[in-house]
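Below you'll find the structure, written out as structure tokens, and then a few comments.
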Amino acid sequence: MSSPQFEAFLTRLYIDADVCARFLADPDSESARAGLSPEECAELNQIDRTGLAFAAESCRRKLAHRRQSTGHRSLWQRLIQSRRDP
């Protein structure tokens, strides 16, 4: 089972290009800076770096597209608007 810090760090790797770049350049330092345990740092050292970079870029593009297409409206705001429209 992974810690909340581990899960949050993985999320940041996928959505924050700067964090991902720092991690790819120096995984040990960036993992430790995130407050991960030595075991979690060791686990992240085994990650497929090419796959991570590809998946992170894909995720960031999807997020950017979603933000553009929704005009930054939240899901809740879109649901309310759809109920108002006939």
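Here, residue 1 is the first one in the sequence, and each next residue gets the next number.
To the nearest 0.5 Å, atoms CG (L10) and CG (L52) are separated by 8.5 Å.
Hydrophobic clustering, with ILVMFWY side chains joined whenever heavy atoms are under 4.5 angstrom apart, keeps F54 apart from I47.
Residue pairs meeting the side chain to side chain donor-acceptor pair (under 3.5 Å) criterion with at least one member in residues 20-30, sequence neighbours excluded, are R22-E30, D26-S29, D28-N45, E30-R33.
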Inset, instruction - Please test E43 against F6 for side chain to side chain contact (heavy atoms under 4.5 Å, CB included), starting from the C-alpha separation and ending with a verdict. - result: CA-CA 10 Å; E43 187 176 335; F6 186 82; 4.0 Å; yes
Legend entry - Test side chain to side chain contact (heavy atoms under 4.5 Å, CB included) applied to C20 and Y14, step by step: CA-CA 7 Å; C20 189; Y14 284 107; over 6 Å; no
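Annotation for A32 and C41: closest pair N-SG, 3.9 Å, computed over non-hydrogen atoms.
Looking at heavy atoms from C-beta onward, L36 lies in side-chain contact with S31 at the 4.5 angstrom threshold.
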